[in-house]
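Beneath this line is the structure, given in structure tokens, with notes to follow.
Since the structure is predicted, the reported quantities are computational estimates derived from the model, not experimental observations.
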Amino acid sequence: MENGAVKENGVCLKDTVNGGQDVWSCENGVSSSSADHLVVMVHGILGSAADWKFGAEQFVKMLPDKVHVHCSEKNGAKLTLDGVDVMAQRLAAEVLEVIKHRPNLRKISFVAHSVGGLVARYAIGILYQPPNDGNAVDSSADNSHENARGTIGGLEAVNFITVATPHLGSRGNNQVPFLFGVTAIEKVAGRVIHWIFRRTGRHLFLTDGDDQGKPPLLKRMVEDNSEYCFISALRAFRRRVAYSNVGYDHIVGWRTSCIRRMSELPKWEDSLNEKYPHIVYEELGEAREPNEVASEEDDSSCDKIEEELVTGLSRVPWEKVDVSFHSSRSRFSAHSVIQVKDHYMHAEGADVIQHMIDHFVI
């Protein structure tokens, strides 16, 4: 066992010099260098590496010699208020440090909760390395060959998983359910949110555009540009998955976390699957070009920027997994339950983590 590591129930945990925590299996002779697949877990706003403790332990227990988990801590607590771009720079540096100290790594995946999903999306744009020809992948082309997709931090990109992430931002259209969908309240929230959540709040409510015509950060993150290739970075992964709460998530609405327009939200029914009782709908998406998707006039729930975000992100295929805790004792904490953030939530959200692991591509 590595120096400084602590063993708990067959799982080894070690705080790293960059502030995060490495988790791996130490059962049956498995060492920290046995696995070649790095799984980076990213927490949400005002969170910490401990938020993913249950998820990290389940991953290494069920995939003992396959994955090495790193729970990010570079953006702990109030540092999550510094803005998506600043947090992403820290996360990217943290990931490169992990890769540097573990030369056996060959693959990389991300599992991110809430705002952490936006941070991870920006970070992979920083970490993206184009194919050997030096050109970024054409985000409108179907590049299925491994070498054509590019790499993330020099590693093969495999799974990019977000959990209750506000991909379309948090402004208007009932994207933040606790604002009750009241337009006046939503407008006021957009003006004052930076008082509480600072730059991150501006990014979430898309109020960060400047006088020189520079679009909001989330808008810039749905395209390749001269600085970072955000869409090519997403396309580099073999699969992208969005887990979303269909209700009772008072922080992040269903539509923004599942990257759908209102008219595209599916009708769901109670799960009959005993293994995944809270998974109520699954969709295997296909990439769609702008001329294949509905225009903003086709759905009155979408404003112009939101439509651009949906259209941009839909250029790469997403698997969408819809989750409901409507009959759960902890349903009013759905935003945390879906991540199994606390010990008492294990019985409620563990099937979502199980589903994630069972479908994880190694």
Nearest-0.5 Å distance that lies between atom CZ in Phe59 and atom OG in Ser25: 14.5 Å
Salt bridge Asp36-Lys66, side-chain N to carboxylate O under 4.0 Å: no
Looking only at the side chains, is there a donor atom on one of His326 and Ser324 sitting less than 3.5 Å from an acceptor on the other? yes
Are Val60 and Val158 linked, directly or through intermediate hydrophobic residues, by side-chain heavy-atom contacts shorter than 4.5 Å (ILVMFWY only)? no
May I ask you to decide if Thr80's main-chain N or O and Thr200's side chain share a donor-acceptor pair within less than 3.5 Å? yes
From Glu57 atom CD to Met62 atom CE, the distance as rounded to the nearest 0.5 Å: 11.0 Å
Ile126 versus Gln89: any side-chain heavy-atom pair under 4.5 Å? yes
Consider only side-chain N and O atoms of Asn75 and His43, and report whether a donor and an acceptor are under 3.5 Å apart. no
Counting distance only, does the side-chain N/O of Ser271 pair as donor-acceptor with the main-chain N or O of Asn273 below 3.5 Å? yes
Would you confirm whether Lys107, through its side chain, and Leu38, through its main-chain N or O, come within 3.5 Å as a donor-acceptor pair? no
SG/Cys26 to NZ/Lys7 distance, rounded to the nearest 0.5 angstrom? 4.5 Å
Do His167 and Leu309 touch side chain to side chain, with heavy atoms closer than 4.5 Å? no
Hydrophobic cluster membership, Leu46 vs Leu91, 4.5 Å side-chain cutoff: yes
Dump the intermediate steps for side chain to side chain contact (heavy atoms under 4.5 Å, CB included) on Val321 and Val352, then the final yes or no. CA-CA 9 Å; Val321 183; Val352 178; over 6 Å; no
Can a salt bridge be assigned to the pair Arg90 and Asp82 using a cut-off of 4.0 Å between side-chain N and carboxylate O? yes
For Val222 and Glu308, work out which heavy atoms get closest and say how close. CG2-O, 4.1 Å
Locate the shortest heavy-atom distance separating Thr16 from Gln21; write the atom from each residue and the value. OG1-N, 4.2 Å
Ring center gap for Tyr228 and Tyr122 short of 6.0 angstrom: yes
Under 30°, 30 to 60°, or over 60°: which ring-plane class applies to Phe325 and His278, parallel, tilted or perpendicular? tilted
Quick one: do Val340 and Leu63 end up in the same hydrophobic cluster if we chain Ile, Leu, Val, Met, Phe, Trp and Tyr together by side-chain heavy atoms under 4.5 Å apart? yes
Examine the side chains of Gln354 and Asp358 and answer whether a donor and an acceptor come within less than 3.5 Å of each other. yes
What about Trp268 and Met262, same hydrophobic cluster or not, with Ile/Leu/Val/Met/Phe/Trp/Tyr joined at side-chain heavy-atom distances under 4.5 Å? yes
Would you name the heavy atoms of Pro216 and Leu206 that are closest together and state the gap between them? CG-O, 3.9 Å
Side chains of Ser244 and Val252: does their closest heavy-atom pair fall under 4.5 Å? no
Face-on cation placement of Arg102 at Trp24 ring, 6.0 Å and 45° thresholds: yes
Does Asn245 reach the main-chain N or O of Ala334 with its side chain, forming a donor-acceptor pair under 3.5 Å? yes
Identify which one of Val246, Asp322, Val280 satisfies the side chain to side chain contact (heavy atoms under 4.5 Å, CB included) criterion when paired with Pro266. Asp322
Gly150 and Ala236: which non-hydrogen atoms are nearest, and at how many Å? O-CB, 4.1 Å
Where Ala233 and Ile124 come nearest, the two heavy atoms and their spacing: CB-O, 3.4 Å
Determine whether Ile362 and Met41 fall in the same hydrophobic cluster, where Ile, Leu, Val, Met, Phe, Trp and Tyr are linked whenever their side-chain heavy atoms lie under 4.5 Å apart. yes
Run the side chain to side chain contact (heavy atoms under 4.5 Å, CB included) test on Leu234 and Phe160 for me, step by step, so that the C-alpha distance in whole Å, both residues' side-chain angles and the decisive distance to 0.1 Å come before the verdict. CA-CA 8 Å; Leu234 273 176; Phe160 188 85; 3.9 Å; yes
Quick test of your reading of the model: are Arg255 and Glu306 salt-bridged, counting only N-O distances below 4.0 Å? yes
Working for side chain to side chain contact (heavy atoms under 4.5 Å, CB included), residues Ile259 and Trp318: CA-CA 9 Å; Ile259 318 173; Trp318 290 81; 3.7 Å; yes
Taking the side chain from Thr256 and the backbone from Leu168, do they hold a donor-acceptor pair closer than 3.5 Å? yes
With a 6.0 Å cut-off on ring centres, are Trp52 and His70 close enough? no
Report yes if the side chains of Ile161 and Tyr243 come closer than 4.5 Å at any heavy-atom pair, otherwise no. yes
Check: Arg235 side chain, Arg315 main-chain N or O, donor-acceptor pair, under 3.5 Å: yes
Just checking, any donor-acceptor pair under 3.5 angstrom between side chains of His359 and Arg239? no
Taking the side chain as every heavy atom from C-beta outward, state whether Val111 and Met356 have any atom pair closer than 4.5 Å. yes
In terms of ring plane angle, is the pair His113 and His335 parallel, tilted or perpendicular, where the classes change at 30° and 60°? tilted
Would you say Asp224 and Ser232 are linked by a side-chain donor-acceptor pair, where the criterion is simply a distance under 3.5 Å? yes
Using 0.5 Å steps for rounding, measure from the CD1 atom of Ile251 to the OG atom of Ser336. 8.0 Å
Under 3.5 Å: donor-acceptor pair, side chain of Arg220, backbone of Pro215: yes
Aromatic plane relationship, His250 with Tyr248 - under 30° parallel, 30 to 60° tilted, over 60° perpendicular: perpendicular
Sidechain-backbone polar pair: Thr151 side chain, Gly153 backbone, donor-acceptor under 3.5 Å: no
Is there side-chain contact between Ile152 and Phe110, with heavy atoms separated by less than 4.5 Å? yes
Quick check against the 3.5 Å criterion: does Thr165 have a side-chain atom that pairs as donor or acceptor with the backbone of Thr162? no
Show your working on side chain to side chain contact (heavy atoms under 4.5 Å, CB included) between Gln58 and Val11 and close with a plain yes or no. CA-CA 9 Å; Gln58 294 307 300; Val11 173; over 6 Å; no
Note: Cys229 and Tyr128 closest approach over all heavy atoms is CB-CD2, 3.9 Å
Can any side-chain N or O of Glu94 pair as donor or acceptor with the backbone N or O of Glu73 at less than 3.5 Å? yes
Answer whether the closest heavy-atom distance between the side chains of Ser109 and Phe360 falls below 4.5 Å. yes
Measure the NE2-OH distance between His355 and Tyr276 for me, rounded to the nearest 0.5 Å. 5.5 Å
CG of Asp51 to OG of Ser72, rounded to nearest 0.5 Å, is 11.0 Å
Measuring only between side-chain heavy atoms, which start at C-beta, is Phe237 closer than 4.5 Å to Asn159? no
Apply the side-chain hydrogen bond (donor to acceptor under 3.5 Å, both in side chains) test between Glu156 and each candidate in Arg238, His37, Arg106; give the one that qualifies. Arg238
Given Arg260, Lys267, Arg261, the one that forms salt bridge (charged side-chain N to carboxylate O under 4.0 Å, His left out) with Glu264: Arg261
